[in-house]
Number of protein chains: 2
Amino acid sequence: MTLAEVARAAGVSASTVSRILNGTANVSAEKREVVERTLTRLNYRPNVLARGLASGRTMSVGVLTQDISSPFYGDTLRGLEQGLARSGYHPVVISGHWRAQEEMEAIDFLVTRRVDGMAVLGGVAPDERLREVAGQVPLVALGRSVPGLEAQCLRLDNHSGAYAATRHLIDLGHRAIAHIAGVPSHRDAQDRLSGYRAALEDAGLPFDPDLVLEGDFLEQSGFLAATRLIEGRRMFTAIFAANDQMAYGARLALYRRGLRVPEDVSLVGFDDLPGSIYTTPPLTTVRQPTYEMGVAAAACVLGLLRGEPPELPPLGVELIVRESTARRRL
Amino acid sequence: MTLAEVARAAGVSASTVSRILNGTANVSAEKREVVERTLTRLNYRPNVLARGLASGRTMSVGVLTQDISSPFYGDTLRGLEQGLARSGYHPVVISGHWRAQEEMEAIDFLVTRRVDGMAVLGGVAPDERLREVAGQVPLVALGRSVPGLEAQCLRLDNHSGAYAATRHLIDLGHRAIAHIAGVPSHRDAQDRLSGYRAALEDAGLPFDPDLVLEGDFLEQSGFLAATRLIEGRRMFTAIFAANDQMAYGARLALYRRGLRVPEDVSLVGFDDLPGSIYTTPPLTTVRQPTYEMGVAAAACVLGLLRGEPPELPPLGVELIVRESTARRRL
DNA sequence: TTGTACGCGTTATCAA
DNA sequence: TTGATAACGCGTACAA
């Protein structure tokens, strides 16, 4: 069922049908009615490819996420979906798995797919490439800041979040607070580590390198780190993990060694993954407004598409105190 | 950078360039070399829209998932991605949120996007529509069986899985085994319930309706169900939840009431979500080979695309015994 | 082996 | 207000 066929069946020209479809110009009421009837009668579906080729717009927004099955960006994707809904634009999502090479390919994929706009969620693709792309289509980046593209980047205050988490432990009387950090090359990991250090410093507590272990943001690394911590010579009464997934791993390590949370060791995570409400005990963590970030990103892209200047609202992080932290005993 | 421009720059016709790009016909070595050089020099990127319009193929496979941020289909998506990698085809994923209306729209989206094949993950869209679509493009369905399309459907043996889970509890000496079921209208939920009943029956244990509570596959409902169970008059020493998420909820309810797992109550889930290794204690559950399902689905679609008959390998479910189940005390 | 000419389904330009 | 007609960028018979 092509547009031309509809036009013939309705006894008008293809242009008229197209105009009705797009509201491009005025059409007499009678013709409009005839056309609309045949449109539904023939169950016409426009060919997006032809449309995109002719108009130069595909009504789609590319979304580069990192791991489609990772809980972390899930809510953000939902927010993006929601923010794009009823705008006429559709998200096209593809994942880069935190590998620069793959991310580049994914970006190429989206570009050749002629997406009208783009949202980049984290990742390690070179800033340079993102700037290039931003020159071609409206782009917004979440979870990373690209020099020269600051207005279109939304990063959260990881430093403050980590500071609040550590401060919370300090307020509970903890003095020996371990930190399971993320990959050192990762900006978020750096900021969270520095927030941790700053909180210690402000409280006049010494920074002990032996209490900081490096992880990779996955559960397994949290498990390993906590295990090493337990077996190590340093005493500690609390752990601040740079993300919830590593906190889960640490939780298991503690369980294995018979250490209770929070009675023996307090535990704090970062991200507030959906699952963190249901861990035993429910995890104290730093919530990132991931859903809202997705909505904001969608709104921003939509605005750019309309020619408006980029606008991303400031979004803060929030400490969520649950039951994995308690006042230090003894 | 269009193909025509490349052709001009290389001093050949557009057809020749096209032929080289697609390996359609023989081209002299010299021309090939010249063209390939200019191709890379000009950094040519084919326009997928034009290509799709002309060839009728978009080299994309539509994937209808239900909730992009749900842990359940995450691994399957990864498997699909992986199975499609290096095949030239790319996945285009969109979610239907278990709402028929939304799913229909999503399917329309994919169809108008002219995907070459389609993979449907669960969902409640009418069988009729799926049969229609299957008539237009190669389609495979996961987690549901569409009458008339059996060969292209991959369902797992939920009954056996539930049977094994329940049997496992019985073997550990449990006699009062509660079941937190899924939504009754859901086929998987029905099968898991029937597997549970069958295991009881085979062991000569009575089926007690008071020990079966209805959930909706989400954590919260598991929490509620377990809470009601605890407050109820019926004694029980084990819970079999129809999926891991509800098991997580139940776990928290038990924790809240001071009931230990597995010392006081044994707990079994279903799905083996990635997080179930790291719950405290690690959850005994029924593993579905979700990743493999994704890979198989991709292979099947690819085969159909090549004109081969549909082929989906039989995949079994497997009981994974971890630490949330133990021999009944007292 | 190579090039020409046409078609894919739609939008955009221009004239009427 | 409407209708030809020309793009859009590529694949592909067909001819050479």
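Please read these numbers as outputs of a predicted model, since none were measured by experiment. Throughout, a chain's letter reflects where its sequence line sits, starting with A, and its residues are numbered from 1. These values consider heavy atoms only, across backbone and side chains, with no hydrogens, waters or symmetry-generated copies.
Between the side chain of A/Asp127 and the main chain of A/Val146, no donor-acceptor pair closer than 3.5 Å is present. The backbone N or O of B/Val34 lies less than 3.5 Å from a partner atom in the side chain of B/Thr38, making a donor-acceptor pair. Judged by distance alone, with hydrogens and angles left aside, the side-chain atoms of B/Ser145 form no donor-acceptor pair with the main-chain N or O of B/Glu150 at under 3.5 Å.
Annotation: side chain of A/Met118 is in contact with side chain of A/Ile107 (closest heavy-atom distance under 4.5 Å).
Using a 4.0 Å heavy-atom criterion, one finds that B/Ser15 contacts the bases of the nucleic acid, with or without backbone contacts as well.
Here B/Ser13 reaches the OP1 or OP2 of C/dG3: one of its side-chain N or O atoms lies under 4.0 Å away.
DNA chain C is contacted by A/Ser18, A/Asn22 of residues 17-28 of chain A, taking any non-hydrogen atom closer than 4.0 Å. Proximity of residues 39-59 of chain B to DNA chain C (heavy atom under 4.0 angstrom from any strand atom) is restricted to B/Leu53, B/Ala54.
As rounded to whole Å, 13 Å separates atom C1' of D/dG9 from atom CZ of B/Arg8. Rounded to whole Å, atom P of D/dG9 lies 8 Å from atom CD of B/Glu5. The distance from atom CZ of B/Arg113 to atom P of C/dG9 is 17 Å, rounded to the nearest whole Å.
There is a side-chain donor-acceptor pair under 3.5 Å between A/Ser13 and A/Thr16. A donor atom on one side chain and an acceptor atom on the other are not found under 3.5 Å apart for A/Asn43 and A/Arg41.
Results of the side chain to side chain contact (heavy atoms under 4.5 Å, CB included) test with B/Pro126 over B/Met104, B/Glu132, B/Glu103, B/Arg131 single out B/Met104 as the only residue that passes.
Taking a 6.0 Å sphere around CD of A/Gln136, one finds it holds more than 12 heavy atoms contributed by other residues, nucleotides or ligands.
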